[in-house]
Structures are given as structure tokens and as C-alpha cells.
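Values reported hereafter were calculated over all heavy atoms of this structure, with side chains retained and with hydrogens, waters and symmetry mates removed. A, B, ... follow the sequence lines: proteins, then strands. Residue 1 opens every chain.
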2 protein chains.
Amino acid sequence: MSVRERKERERAGRHRLIVATARELAETQGWDAVTTRRLAERIEYSQPVLYSHFRGRKEIVGAVALEGFAELADALRAAARSGPAGRDAVTATAGAYVDFAARNPALYDAMFSLDNGLPFADDATPAPLREAFEALVEPLAGHAQPAEPGLFVETFWAALHGLVTLTRGGRLPAGRADDRLALLVDRFVPHGAR
Amino acid sequence: MSVRERKERERAGRHRLIVATARELAETQGWDAVTTRRLAERIEYSQPVLYSHFRGRKEIVGAVALEGFAELADALRAAARSGPAGRDAVTATAGAYVDFAARNPALYDAMFSLDNGLPFADDATPAPLREAFEALVEPLAGHAQPAEPGLFVETFWAALHGLVTLTRGGRLPAGRADDRLALLVDRFVPHGAR
DNA sequence: TTGAATGTCTAGCACTGCTAGAATTCGAGC
DNA sequence: GCTCGAATTCTAGCAGTGCTAGACATTCAA
């Protein structure tokens, strides 16, 4: 049944094409520009084809977001692994997080701001989500001090996310973003900690 | 020219009616349900009337957001004024912020998540925005320690915002939201501070 | 009472996500 | 190699969106 396999391969390829095209369109023109018609035109198929791969627009956003979580996990792990340990690892990881958001704004939106239908703190949470969170836990958990590591990392993550979204939405002056990040790290992992 | 005055009064009343209706519709059915048609039907006028008051949907969101900033400023001031000073004032203020967001989710979205066209860190920033931020500065600035008060308050605010949005979006388990808030306050204003 | 200005509405444009059913393509069996 | 049936893809359309041009009504001043 090689024919069946070939068809499945082609189908998988088209699946990836849709996700990649949606992502590129979102990154260059914003998620508002990612309409089913435009997307269909770009992949050179009609709209209904999209619905044979995804339940609807939201699920496409979710697929892009999933890619994002995998890449974010990589970026965080790379930052933590790149050398420094202890407090410096936290600084590097936080910096990598903010950089990731700055470099992939639309991707970040798909992951955290838009409704992507992905289950988060849930049994069904996809592996890439868990891995991205784990990549945050590793350098941070040791500094939780009296607090529970889980809560500590969640709170730190939320703070990072707040900085990212408010800065990018123009709610905070962009000029001193680095200083705010340094301040945040300093409050969660004070100088002098090992 | 009493006729002119009456007309202006009526017009102002209708303006308020639009904002109030949009807010109520958003709070009960979400911002997606706030369409120009539905809004027009509720206020018992045709859609074009909306455009004689606002440039477009975005400006209506902005008007609702502006109400929100005034109310947030009130809520924060009330919390800080309600008794405690020093560290307790920070706890009370942070709690009031989170409560405000939980009690008025759609309003909070209009203020911080949706595109409302309001200028933030800008010369033209409307007074209610400034006042809300000032209400955060007052109890917090004293604890900035070596950091600049402005940066300190901005970062704390961002952290609060991150907690609020991630919790409400289901990205963080809702159960331990209070613990995360306590942890955050503890990191920014450690126990033993005066 | 008329004229003009102000106000409001009807109707419509170009777009959205999504889908029913027609049309086509393609591989399996003869 | 040819035909038939199934899988796939497309055309066409629905009900909804934000927004607006131009027709219509109302209201006030002369």
C-alpha cells in the first residue's frame, strides 16, 4: 500500500505548509491578516482544504503556537546551557525569554495572547508546553527559597509575560525594558545568592 | 440658545448610553459580541449613529477602557487608604488590583489586552491613566530600595498584569492564584521591611 | 410658511469564518 | 487500457462583520 503512504506524506506536507504559511503571514502582517481566504490563496488550494486539516481558524493558531512552544523550550535550554550557572543562568534564561518574544511577536501572541484552544495546566497539556515550562523550572527552582518551586516559577513566568506584553502593547516605555528585566531578576533572585 | 444646550445634553446622554451599553454587553457576552449592529439595536438607533459619536469600534473600546482606569484608580486608592501602611498597603493594593480584574474581566481586557487606541506612556496620556498609575506608585515607591521608583512600580505592575492575564486565560491553575500573589508581593517588598 | 441645515436611516460594499453539494481526479479491478 | 467507484477538491453561498454614501425626515430661523 505504497500509494496510501505517499498520500499520507503529501497530506502531512500540506499540513506543514499551512502552518508555516499562517505563521509567516502572521509574522509579517499580523494575525488579523491571517484569513482563511488569504491563507488558501497562499497555499494554492481552496478554503475548504483548510478545514480538512483543521477544525477552524483557532486550531491553526494552536498549531503555530505549538511550534512556538517547542522553539521557546529550545531557546531557554540553550540559554541555560550556554555557560553560566546559579544566578547568571536565571538572567540568561529571562533574557532569552524576552528576546524570543521580541523576535517572534506573532508567534508569542499565538502562544499566550490569542485563543488557541490548547489546554494548559491540564492532563492533556501537549509535551512542548510542558517542556517549555520545564526549561524555565530548571534554572529557577533552586532559588525558590522558602516558597514552593512550582509557585515560584509560575509567578516569575507571569512577571516575564507581563513585561513582554505591556512593553509590546506600548503600555510601558520601550526604552528601559532591559532595566525592568534586570530589576525583576534581582527581586526574584537577589544578588549574593549562589 | 437653550435649544442648542438641550441638544448637547441629549447627545452627551446618548454618548454615555453607548459606552454603558457596550460595557454591559462586553461584560455579559464578551467583546466579540459587541458588534455595531447589536450595539445599535440595544440603544435603539441605527449603526451610523455610533459613527457620529466614535470614529469606529476601537474608539468605543477606548471609551469603556477610560471608565475602567478611573474606577481602577478609585479601587487602588481605597485599598491603600483603608488602613494599613507600609508593607500591608502594598498587599492591599495588589489584592485590590487583582480583584478589580477578576470582577471586571471585560473591562480589564478593554484597558490592557484589546487595542483601544489610547496613548500610554506619552504626552497625551489621558488623566485617568495617569491617576491609576499614580495610585500604584504611592504605596509602592517607598519600597523601591536601590532601584528607581518609576522602574520599580512599572515592573511590579507588569508582574501583576502577568498574573492576572495568565490566570484568566487558563494558562495558570486558578486554584493557587492567591499564593502566587502573596509570593510576588513578598519578592518585591520582603517581610521585615517597614 | 418656506428654506436650509441638521439629524437619522436605508441600503449596500467588501470583507470575515465556515459549509453543502457539485465537479473532478485518481487508483483498483476487469 | 478502460471503466467504475471512491476519495478529494472546488464552486458557490450563508450569515455575519465594520463601515459609509446618499436618500429621507425633522427641526429650527427667517
Side-chain angles (χ1 to χ4, degrees), chain A residues 1-19 21-23 25-26 28-65 106 109-110 113-117, chain B residues 1-19 21-23 25-26 28-65 106 109-110 113-117:
Chain A
M1 286 296 158
S2 165
V3 172
R4 183 196 194 85
E5 286 174 11
R6 195 205 71 220
K7 288 210 169 184
E8 278 175 10
R9 253 197 334 268
E10 285 173 357
R11 209 182 145 71
R14 200 171 60 180
H15 193 96
R16 284 192 300 272
L17 176 63
I18 293 172
V19 176
T21 307
R23 176 175 175 176
L25 201 45
T28 55
Q29 310 198 45
W31 276 106
D32 280 353
V34 183
T35 68
T36 55
R37 277 168 180 74
R38 234 187 300 258
L39 199 45
E41 197 198 7
R42 292 272 178 117
I43 65 166
E44 298 182 313
Y45 282 95
S46 63
Q47 295 108 303
V49 167
L50 300 174
Y51 292 87
S52 78
H53 286 269
F54 302 94
R55 254 188 265 274
R57 205 190 97 110
K58 187 199 286 191
E59 216 171 274
I60 298 177
V61 177
V64 173
D109 282 345
S113 298
L114 301 179
D115 184 11
N116 58 27
Chain B
M1 285 294 163
S2 167
V3 172
R4 182 195 195 87
E5 285 173 11
R6 196 204 70 223
K7 290 211 167 182
E8 278 175 9
R9 255 198 331 271
E10 285 173 357
R11 207 181 148 71
R14 199 171 61 182
H15 193 97
R16 283 192 302 273
L17 176 64
I18 294 172
V19 177
T21 305
R23 176 175 174 175
L25 201 46
T28 55
Q29 311 197 43
W31 276 106
D32 279 353
V34 183
T35 68
T36 54
R37 277 169 179 73
R38 234 186 300 258
L39 199 46
E41 197 198 7
R42 292 272 178 117
I43 66 167
E44 298 183 312
Y45 283 93
S46 64
Q47 295 109 302
V49 167
L50 299 173
Y51 292 86
S52 79
H53 287 268
F54 302 95
R55 253 187 268 272
R57 205 191 100 111
K58 187 199 286 190
E59 215 171 276
I60 297 177
V61 176
V64 173
D109 282 345
S113 298
L114 302 178
D115 184 12
N116 58 28

Taking CD from A:E10 and C1' from C:dT25, how many angstroms apart are they, rounded to a whole number? 13 Å
Are side-chain heavy atoms of A:I60 and A:L39 found at a separation under 4.5 Å? yes
Under the side chain to side chain donor-acceptor pair (under 3.5 Å) rule, what pairs show up with a residue in residues 44-62 of chain B, not counting sequence neighbours? B:R14-B:H53, B:H15-B:H53, B:R55-B:E59, B:K58-B:D115
Whole-Å distance separating the CD atom of A:E41 from the P atom of C:dC15: 12 Å
For A:L25 against A:A33, the heavy-atom pair lying closest together: CD2-O, 3.9 Å
Smallest heavy-atom separation, A:T35 atom then A:D32 atom, equals CG2-O, 3.7 Å
Distance in angstrom units between B:L50 CG and C:dT10 P, rounded: 14 Å
Starting at CZ of B:R55 and ending at C1' of D:dT20, how long is that distance when rounded to a whole Å? 16 Å
Smallest heavy-atom separation, B:A40 atom then B:L50 atom, equals N-CD1, 4.2 Å
Roughly, in whole Å, what's the span from NZ in B:K58 to C1' in D:dC19? 14 Å
Contact string for nucleotides 5-17 of chain D, one letter per nucleotide 5' to 3', B = base within protein heavy-atom range under 4.0 Å, S = sugar-phosphate only, - = neither, reads ----SBB-B---B
Could you give the CG-to-C1' distance, from A:L39 to C:dC15, as a whole number of Å? 16 Å
Given 3.5 Å as the limit, does a donor-acceptor pair link the side chain of A:N116 with the main chain of A:V61, or not? no
Side-chain contact test, heavy atoms from C-beta onward, threshold under 4.5 Å: evaluate it for A:F54 versus A:V19 and give yes or no. yes
Just how large is the angle between the end axes of the helix from C:dA4-D:dT27 to C:dC30-D:dG1, five pairs per end, to 10 degrees? 20°
Shortest non-hydrogen separation from A:W31 to A:A110 and the atoms involved: CZ2-CB, 3.6 Å
